[in-house]
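Notes for the one structure printed next.
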Amino acid sequence: MNGLFSNAAARAAQRSALASLADLTASVGVSGLAAAQESPGLMSVIDQHAAGVRDSLDADNRPLTAILLAAYAEGVRDAAYQHGWFAPEGHIDWTENDWVLRRLLAVCTLARTLPAAR
């Protein structure tokens, strides 16, 4: 019985993580990735942030997963909120130097590299 329930829990965690990453991509990733395509400087910064995320998650020694990325993004947001950061409402000005938004955009970039969900 334990295996049946643990598999169900793993599938639920995966679905939740994918939904969280989809929400993040909708709120940050779409506009950020479009802005990065137009700005090589922004793309370079996002690439550096992506490398930092990979290092934080020890991605050289274990594969990136939706669960790891979603948990990381949640941790970044939680820490930022505790320090007074608030997500912008509406249009995001990607020319501003907002570390949190750039880090979250890096998560979106890495999420795009994950194998498609089945």
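Just so it is clear, the values below take in all heavy atoms, side chains as well, and ignore hydrogens, waters and symmetry mates.
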Which label fits Phe86 and Tyr81: parallel for a plane angle under 30°, tilted from 30 to 60°, or perpendicular past 60°? tilted

Considering residues at least two apart in sequence or located in another chain, which fulfil the side chain to side chain contact (heavy atoms under 4.5 Å, CB included) criterion with Asp58? Asn61, Arg62

In this structure, NE2 of His49 is separated from CG of Leu101 (nearest 0.5 Å) by 10.0 Å

Are side-chain heavy atoms of Ile46 and Leu33 found at a separation under 4.5 Å? no

Separation between CG (Leu57) and CG (Leu110), nearest 0.5 Å, reads 8.5 Å

Hey, does Leu64 have a side-chain heavy atom less than 4.5 Å from the side chain of Val53? no

Identify the two heavy atoms, one from Ala73 and one from Val107, that lie closest to each other, and give their separation to 0.1 Å. CB-CG1, 4.1 Å

Show which side-chain atoms of residues 15-31 pair as donor or acceptor with protein atoms under 3.5 Å away, not counting sequence neighbours.
| residue | atom | partner | partner atom | Å |
| --- | --- | --- | --- | --- |
| Thr25 | OG1 | Leu21 | O | 2.9 |
| Ser27 | OG | Asp23 | O | 3.2 |
| Ser27 | OG | Leu24 | O | 3.3 |
| Ser31 | OG | Trp94 | NE1 | 3.1 |

Could you tell me which residues satisfy side chain to side chain contact (heavy atoms under 4.5 Å, CB included) with Val100, sequence neighbours excluded, listed by chain and number? Val76, Ala80, Trp85, Asp98, Leu104

Minimum-distance pair of heavy atoms, taken over all atoms of Ser56 and Arg103: OG-NH2, 4.0 Å

Closest heavy-atom contact between Glu96 and Arg102? O-NH2, 3.2 Å

Could you report the tightest heavy-atom contact between Ala66 and Gln14, atom names first, then the distance? CB-NE2, 4.1 Å

Could you state whether Leu114 and Leu105 fall into the same hydrophobic cluster, counting links through intermediate Ile, Leu, Val, Met, Phe, Trp or Tyr residues with side-chain heavy atoms under 4.5 angstrom apart? yes

